[in-house]
Amino acid sequence: MTRFATTSKYPMISWEEAWAIVAKTVTPLAPSPVGLLGLHDLVLAEDIVAARNMPPFAASKMDGYAVIADAGTSARRVLGEQDAGNMLDVEVTPGTTVRIMTGAPLPKGADAVIPVEQTSETDGIMHPQRAVRPHEQVRLAGQDIAIGDLVIAKGTVLGAAEIGLLAMVGRAEALAHPRPRVAVMATGDELVPPGEPLAPGQIHDSNSYALCAAVQAAGGIARRIDRSIDNEDSLREALLGAVTDADLVITSGGVSMGTRDLLKPVLASLGTVHFGWVAIRPGKPLTFATIQGVPVFSLPGFPVSSLVTFENTVRPALRIMAGHKALWRPKVEACLSHSVRH
């Protein structure tokens, strides 16, 4: 008759020791070029240096008239209209002006813009209501970004503003750490997929779905593997299949001291088990291994323990793999306004 194991070959270690092992084993994924639309929330793996001025030409900040600033309030003859996206072949001289639109390049000879609401125009003659200063309402070439400026530093997490900057300086792609591909697998003879009827003694598999959602929230790409039964051959086959197409593998269940808790010996037969017991509660059976160089986190099967150990160990490991420097969530002190029972 099979008996419970009363001792484990894996010593109990502190969480700090466990995390030190994980942090030493897990490394950032190799960066690769990623197009702009795929860069959101990725970590930049190169410095972005401006290869051109921004704006590349002196441009109008407002709709109005391009003028020579020292001409005072004298009337000016309108030579034409300067739209954004083209360059009018005229030169502004004393006594002349060009109607200009926001963002359009300043025509040759002009050094300022007077807003349209501060003028009037009759029969092709513009009458300014006031004098303007040099460079008024003008964005000078290189005013926002100059050639050689560091636009975005390596290690920056790319959001909407940073992606807009990349596009602004003409980059169609950038080198970034990819999202970790994570295979997620629940184990246990008792598990049944949601939506299917339960036989006596069975429960619905919730862990694999919860962990897939947690992986996605942490910035990874989750791939759920159908549950594996409590059989060494089945577990071995599932694990070998998982590591062939994943950067990290998560299992839940099968790591405690029961007679059907078979994951630890299977992991040891396929690779290296770095630790098998951690002095935390919940989550004491947390196990960390590598198979063919792929990190494998085997989490306890109890749903709360599974998500807690994901949060405090797997999530920061995923952030290392994705190139993040900030591994942990912000912490604040709080006082409960009510009691909490188990």
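Below, all heavy atoms of this structure are taken into account, side chains as well, without hydrogens, waters or symmetry copies.
- A donor atom on one side chain and an acceptor atom on the other are not found under 3.5 Å apart for W277 and T287.
- Side-chain atoms of L267 and S298, non-hydrogen and from C-beta on, do get closer than 4.5 Å to each other.
- With T102 contributing its side chain and D63 its backbone, the two residues share a donor-acceptor pair below 3.5 Å.
- Between the T309 side chain and the S305 main chain, a donor and an acceptor come within less than 3.5 Å of each other.
- Listed by first then second residue, pairs satisfying side-chain hydrogen bond (donor to acceptor under 3.5 Å, both in side chains) with a partner in residues 164-177 read E46-R171, not counting sequence neighbours.
- Within a 6.0 Å sphere centred on CG of N86, heavy atoms belonging to other residues, nucleotides or ligands number more than 12.
- Between the N53 side chain and the I147 main chain, a donor and an acceptor come within less than 3.5 Å of each other.
- Following chains of ILVMFWY side-chain contacts shorter than 4.5 Å, one cannot reach V249 starting from L318, and the two form parts of different hydrophobic clusters.
- Put simply, L158 and M321 are part of two different groups of oily side chains (I, L, V, M, F, W, Y) that touch within less than 4.5 Å, one to the next.
- Criterion: ILVMFWY side-chain heavy atoms under 4.5 Å apart, direct or through other members. Under it, F288 and Y10 are not part of a common hydrophobic cluster.
- Side-chain contact, Q82 with R99: no donor N or O sits under 3.5 Å from an acceptor N or O.
- Between D123 and R77 no salt bridge is recorded (no basic side-chain N to carboxylate O distance below 4.0 Å).
- Looking only at distances, no side-chain donor or acceptor of Q137 sits under 3.5 Å from a matching main-chain atom of I114.
- For D47 (side chain) and K154 (main-chain N/O), a donor-acceptor pair under 3.5 Å exists by modelled atom type.
- With a 4.5 Å cut-off on side-chain heavy atoms, L165 and I145 count as touching.
- Not a single donor-acceptor pair under 3.5 Å links the side chain of T96 to the backbone N or O of R76.
- Proximity of E117 to M62: side-chain heavy atoms (C-beta onward) are separated by under 4.5 Å at one or more points.
- Salt-bridge formation is not detected for the pair K61/E136: no Lys NZ or Arg NE/NH1/NH2 atom is positioned less than 4.0 Å from an Asp or Glu carboxylate oxygen.
- Side-chain contact between L299 and F297: present, with at least one pair of heavy atoms (C-beta onward) separated by less than 4.5 Å.
- Using a 4.5 Å cut-off between side-chain heavy atoms of Ile, Leu, Val, Met, Phe, Trp and Tyr, with links allowed through other members, L166 and V157 fall into different hydrophobic clusters.
- Counting only residues at least two apart or in different chains, ring-ring contact (aromatic ring centres under 6.0 Å, His included) contacts with residues 27-66 are absent.
- Under a 3.5 Å cut-off, the side chain of D205 and the backbone N or O of P193 do not form any donor-acceptor pair.
- Contact of the I250 side chain with the L248 side chain is registered, since non-hydrogen atoms from C-beta on lie closer than 4.5 Å.
- Panel note: side chain D111, backbone A69; a donor-acceptor pair is recorded below 3.5 Å.
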**OP:** Might you work through the side chain to side chain contact (heavy atoms under 4.5 Å, CB included) test for V113 and V132, ending with a clear yes or no?
**Re:** CA-CA 8 Å; V113 171; V132 294; over 6 Å; no

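- Checked by atom type and distance alone, the side chain of Q143 pairs as donor or acceptor with a backbone atom of L140 at under 3.5 Å.
- Side-chain contact between D233 and R236 is present, with at least one heavy-atom pair separated by less than 4.5 Å.
- No more than 12 heavy atoms of other residues, nucleotides or ligands shown are found within 6.0 angstrom of CG on L37.
- P55 and D144 make their closest contact through CD-OD2, 3.8 Å (heavy atoms, listed as atom of the first residue, atom of the second, distance).
- W328 and W19 have perpendicular rings, their planes meeting at more than 60° on a 0 to 90° scale where under 30° would count as parallel.
- Side chains of I125 and V78 form no contact here, defined as non-hydrogen atoms less than 4.5 Å apart.
- Under a 3.5 Å cut-off, the side chain of D149 and the backbone N or O of V151 do not form any donor-acceptor pair.
- Using modelled atom types and a 3.5 Å distance limit, the side chains of E17 and S14 yield a donor-acceptor pair.
- Taking the side chain as every heavy atom from C-beta outward, I320 and T27 never approach each other to under 4.5 Å.
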